[in-house]
Amino acid sequence: MYKVLLVDDEILIRERISQRIPWGSLGFELAGTSENGKEAIGFMEKQPVDLVLTDICMPYVDGLELAKYLYENRKHTKTVIITGYDEFEYAKRAVEYRVLSYVLKPVTAGELIEKLKEAKKILDGEAENLQVRTYYEGSYPLLKNQFLLQLGQGRIHEDQIGDKLKEFRIDFSGECYCTALLCPREQTEKKEISQMADLIRKGWSEDVLVTEDDDGRILLYVKKKNSSQMKKEMADICNESADLILKKMGKTVYCLVGTCVFNLSGLSFSYEKAMDMKEYLFLEREPGIYEWDRFQKYRLSAQGLLSEGEREKRIVLAVRSNLEEEIKTEIAQIREECQANWVTRNKVVVIYQSLILAVMNFLERLNLVEDGFFLKEQEIISGLFGCSYISEMEEKVLDFFHAALEIVNSNRGNYGDHQAIAALEYINSHYSDCSLSLQEICEKLAISVSYFSSAFKNYTGMTFVEALTKKRMEKAMELLENTSLKTYEVAEKCGYNDANYFSAIFKKATEKTPKEYAGLRKNRKGSYENRSQV
């Protein structure tokens with residue numbers, strides 16, 4: 001409902017209009033009546049109205065003076081003059097004060113109703129425009145922020161950039177441009193990110209556009225007329241912005257600077273390069289300025305610096321020897337190498353996984369892995385991908401190694417037996433390897449030769465060579481009995497390069513040469529088959 005104030009010095013006219021007009025059905029509410037302009041002004045100072053119906057000729061303040069007051073002080077209040085004076089000068093002044101309608105007396109209720117309907121249409125239109133304008137003005141910072149973010153993300157067409165800049169009253173013409181991302185080291189609420197962005201806007205009012213994204217990062221666009229000064233300017237802007245945020249809010253930020261471009265549409269490329277470096281924040285390097293150009297050159301020259309095979313051996317040896325501090329040192333060294341060489345997240349995960357699997361293989365060879373520990377291993381390996389920082393990965397990996405140490409220590413009394421069993425299994429699967437040796441077995445089991453030899457003899461009653469020879473002879477007898485392979489072929493399948501040496505060993509073990517053994521066994525087999533047929 002729009003509020004109406006009726007102003008006329010004649011009480012009968014005020015009463016007649018008040019009673020004969022269906023205010024509510026027309027969308028109006030009669031807020032009050034006044035007998036002159038002075039009284040009307042006092043009324044509106046206490047209770048604003050949307051429409052004033054007024055006569056011209058009144059004491060103290062007449063209708064035209066009231067219209068002038070409304071024009072100068074209450075521009076949203078509309079005026080309709082109802083008067084008996086049909087003079088051009090009055091009409092001219094009414095137009096000057098933007099009076100909505102000028103109606104001559106005597107006026108009928110029907111005429112006045114039509115004027116009220118016209119007034120309502122105008123008031124409705126202004127209210128709608130005001131609502132749109134109010135919404136736009138309230139959303140202006142959000143819409144501007146969204147435009148700047150889309151500009152960096154390459155979601156604004158090149159032909160639309162100029163129009164958008166004009167729409168948001170942004171003058172950002174320059175010779176070259178660059179993008180920087182400011183990423184807080186700690187988890188930061190959106191409200192605090194907005195406060196940081198406001199601090200930077202106040203500190204850099206020219207040549208810098210500031211916006212923020214939904215992932216807790218501040219985005220800077222910098223323009224310069226001289227491309228040769230861009231790197232230095234970017235360093236100054238980032239350093240001062242980081243210092244300001246640290247001083248005012250106690251927050252540490254990383255500054256990731258993209259490559260320099262030479263048109264506004266290229267800002268998306270600069271933004272992309274800054275975002276590429278964001279992946280490496282998980283390494284938890286020291287906060288500072290990281291430039292794409294330097295990062296790219298260093299990353300390409302620092303490939304393949306990590307040696308994983310030796311590290312796996314050292315970790316297994318440390319677990320076997322109960323050297324927890326050495327494990328911690330090794331893991332800390334991995335972090336330092338990864339930070340220094342800008343190693344990707346996936347590569348770091350692979351490094352940690354290889355260490356875990358090496359220890360698991362070691363424990364499995366000793367038959368020490370139970371279902372619960374196997375599930376723990378799977379949980380840790382899969383959980384590495386969900387870690388935000390390398391320190392979280394370290395914590396999970398160290399937790400696994402601590403559990404592995406406990407398993408080894410709790411079974412240390414049976415350690416020698418487990419090693420002997422693992423050695424026998426290895427012999428059973430690798431006896432055909434001519435190069436198989438005691439040293440190889442000990443390396444696989446991560447155990448010293450002297451300790452292994454003693455443990456193996458205690459468990460099996462044989463030396464390693466005796467056990468290996470026994471297995472090879474058993475396999476040789478099986479092949480001679482069931483195949484027609486020649487002696488040198490049997491020798492090769494049993495791990496002997498020299499057929500003569502194999503024959504000598506075989507005769508010592510069976511008191512027969514391979515040929516004699518094969519003939520004897522086959523003759524016996526043939527005699528048995530003949531008796532079966534009879």
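- Of all heavy-atom pairs spanning Cys183 and Arg217, the tightest one is SG-CD, 3.6 Å.
- Two residues are said to be in side-chain contact when any heavy atoms from C-beta on lie closer than 4.5 Å; Glu516 and Thr510 fail this criterion.
- In this model, no donor atom of one side chain and acceptor atom of the other lie less than 3.5 Å apart for Glu440 and Ser435.
- Side chain of Thr188 to backbone of Pro184: no donor-acceptor contact under 3.5 angstrom is found.
- Between the CG atom in Leu283 and the CD atom in Glu336 there is a gap of 12.5 Å [rounded to 0.5 Å].
- Within 6.0 Å of atom NZ in Lys470, 12 or fewer heavy atoms from other residues, nucleotides or ligands are found, so the atom counts as exposed in its surroundings.
- Looking only at distances, a side-chain donor or acceptor of Asp213 sits under 3.5 Å from a matching main-chain atom of Asp215.
- At least one donor-acceptor pair under 3.5 Å links the side chain of Asn145 to the backbone N or O of Glu212.
- Taking the charged nitrogens against the carboxylate oxygens, Asp399 and Lys376 do have a contact shorter than 4.0 Å, which makes a salt bridge.
- Residues Tyr352 and Met393 share a closest heavy-atom pair of CE1-CB, 3.7 Å.
- Counting non-hydrogen atoms of other residues, nucleotides and ligands closer than 6.0 Å to NZ of Lys190 gives a total above 12.
- Aromatic ring centres of Phe506 and Tyr517: separated by under 6.0 Å.
- Taking a cutoff of 4.0 Å between a charged side-chain nitrogen and a carboxylate oxygen, Arg311 and Glu337 qualify as a salt bridge.
- A donor-acceptor pair shorter than 3.5 Å cannot be found between the side chains of Thr344 and Asn346.
- Within a 6.0 Å sphere centred on OH of Tyr389, other residues, nucleotides and ligands contribute more than 12 heavy atoms.
- Side chain of Arg285 to backbone of Gln339: a donor-acceptor contact under 3.5 angstrom is found.
- In this structure, Phe172 and Tyr177 have tilted ring planes: the angle between them lies in the 30° to 60° band.
- Geometrically, Arg472 does not engage Tyr431 in a cation-pi contact defined by less than 6.0 Å to the ring centre and at most 45° from the axis.
- Residues Ser388 and Phe282 share a closest heavy-atom pair of O-CB, 3.1 Å.
- When every heavy atom of Val261 is checked against every heavy atom of Leu267, the shortest pair comes out as CG2-N, 3.9 Å.
- Ion pairing of Lys232 with Asp236 is present here, as a side-chain N (NZ or NE/NH1/NH2) and a carboxylate O approach within less than 4.0 Å.
- In this structure a side-chain-to-backbone donor-acceptor pair under 3.5 Å is present from Ser270 to Thr179.
- With sequence neighbours left out, the salt bridge (Lys or Arg N to Asp or Glu O under 4.0 Å) criterion links Asp433 to no other residue.
- Contact record, Ala467 with Ile427: CB-CD1, 4.3 Å, taken as the closest heavy-atom pair.
- Taking a 6.0 Å sphere around CD of Glu370, one finds it holds 12 or fewer heavy atoms contributed by other residues, nucleotides or ligands.
- With rounding to the nearest 0.5 angstrom, the CD atom of Glu392 is 7.5 Å from the CD atom of Glu284.
- In summary, the aromatic rings of Phe295 and Tyr280 are positioned with their centroids under 6.0 Å apart.
- One distance of note links CD of Glu279 with CH2 of Trp342; it measures 11.0 Å at 0.5 Å rounding.
- Asp163 places no side-chain N or O within 3.5 Å of a backbone atom of Lys166 that could act as its donor or acceptor partner.
- A donor-acceptor pair under 3.5 Å links the side-chain atoms of Glu466 to the main chain of Thr463, judged by distance alone.
- Taking the side chain as every heavy atom from C-beta outward, Ile218 and Leu181 never approach each other to under 4.5 Å.
- There is no side-chain donor-acceptor pair under 3.5 Å between Glu443 and Gln439.
- Of the possible donor and acceptor atoms, one in the side chain of Tyr221 sits under 3.5 Å from a partner among the backbone N and O of Gly152.
- Between the side chain of Gln333 and the backbone N or O of Thr329 there is no donor-acceptor pair closer than 3.5 Å.
- By the neighbour-count criterion of 12 heavy atoms within 6.0 Å, atom NZ of Lys164 is sparsely surrounded, having that number or fewer from other residues, nucleotides or ligands.
- In terms of modelled atom types and a separation under 3.5 Å, the side chain of Arg345 and the main chain of Cys387 share a donor-acceptor contact.
- Within a 6.0 Å sphere centred on CD of Glu395, heavy atoms belonging to other residues, nucleotides or ligands number 12 at most.
- By the neighbour-count criterion of 12 heavy atoms within 6.0 Å, atom CD of Glu186 is densely surrounded, having more than that number from other residues, nucleotides or ligands.
- From Leu480, atom CG reaches atom NZ of Lys475 across 11.5 Å, with rounding to the nearest 0.5 Å.
- How far CD of Glu489 is from OG1 of Thr483: 8.5 Å, rounded to the nearest 0.5 Å.
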Audit row: Lys224, Glu175, salt bridge (Lys or Arg N to Asp or Glu O under 4.0 Å) steps and yes/no: CA-CA 6 Å; Lys224 287 297 168 187; Glu175 179 183 309; over 6 Å; no
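- Side-chain contact between Gln146 and Leu143 is present, with at least one heavy-atom pair separated by less than 4.5 Å.
- Residue pairs that meet the ring pair (Phe, Tyr, Trp, His ring centres under 6.0 Å) test with at least one member in residues 238-274, sequence neighbours left out, do not exist here.
- Rounding to the nearest 0.5 Å places CZ of Phe373 at 11.0 Å from CD of Gln378.
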